[in-house]
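Working notes, beginning with the structure itself.
In what follows, every chain begins at residue 1, and chains take the letters A, B, ... in the order their sequences are listed. What you are looking at is a predicted structure, and each value in this text was computed from that prediction instead of being measured. Just so it is clear, the values below take in all heavy atoms, side chains as well, and ignore hydrogens, waters and symmetry mates.
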Amino acid sequence: MTNDFYERVYELVRQIPSGRVTTYGHIAEALGMRSSARMVGWALNAIALRDRQDIPAHRVVNRFGALSGRQHFETPYAMRERLEAEGVQFIGDEVDLSRHLWAP
DNA sequence: ACTTTGACTTGCA
DNA sequence: ATGCAAGCCAAAG
C-alpha cells in the first residue's frame, strides 16, 4: 500500500544515490510531514527490524550530518564504514553535508 | 488505558 | 550565541 507512511519513506530512501545522504527533515518534508521528522526515524527503525537491506538506511542522517542512528546498526561503526565505502567524506564525526547532501 | 520515550527539528528566551 | 521547550505521531512499558 503506497499510502502507508513507512512505504513512502522506503521508496524515497531507496532513491538516494550511492555516495549521497539526506536528512530526516528533508524526507519528512518531502512527504508533507515537515514537523514529523521523528516518524521517519521510526520507519527506518522498522527497516532494521524487518531486514530490509534493499533500503540504504545508512544514507539517512540528522540535519547536522551526524550518524544518530548508528546504534541501531549491527555495530556502531557499520553505518560510517558503509558511507565511507561509498566515498562519503566526514568532518570529525559528521558527514560533509555541503558535499553529499541529496534532496529529493 | 495511561505514561514515557524516541534513527528529529524549529523556535523562543 | 547557547540553552531549554514545544510539536509531531507511533510504539513499547
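Judged purely by atom type and a 3.5 angstrom limit, A/E94 has no side-chain atom pairing as donor or acceptor with the backbone of A/F90. A donor-acceptor pair is defined here as one N or O able to donate and one able to accept, closer than 3.5 Å; no such pair exists between the side chain of A/E29 and the backbone of A/R34. Panel note: side chain A/H100, backbone A/Q89; a donor-acceptor pair is recorded below 3.5 Å. Checked by atom type and distance alone, the side chain of A/R59 pairs as donor or acceptor with a backbone atom of A/I16 at under 3.5 Å. Side chain of A/T75 to backbone of A/A78: a donor-acceptor contact under 3.5 angstrom is found. For A/D4 (side chain) and A/Y6 (main-chain N/O), no donor-acceptor pair under 3.5 Å exists by modelled atom type.
Checking A/D54, A/V40, A/T22, A/I27 one by one against A/V13, the side-chain contact (heavy atoms from CB on, under 4.5 Å) holds for a single residue, A/I27.
Here A/N45 lies in heavy-atom contact (under 4.0 Å) with a base. A/R34 comes within 4.0 angstrom of the backbone, heavy atoms only, and of no base. Within the nucleic acid shown, A/F73 comes within 4.0 Å of at least one base atom, counting heavy atoms only.
A 4.0 Å heavy-atom criterion places the boundary nucleotides of DNA chain C facing chain A at C/dG7 to C/dA11, written 5' to 3'. Protein chain A contacts DNA chain B from B/dG6 to B/dT10, reading 5' to 3' and using non-hydrogen atoms of the protein with a distance under 4.0 Å.
Side-chain atoms of A/E86 and A/H58 include a donor-acceptor pair closer than 3.5 Å.
Distance check on atom C1': B/dA7 versus C/dC4 gives 22 Å, rounded to whole Å.
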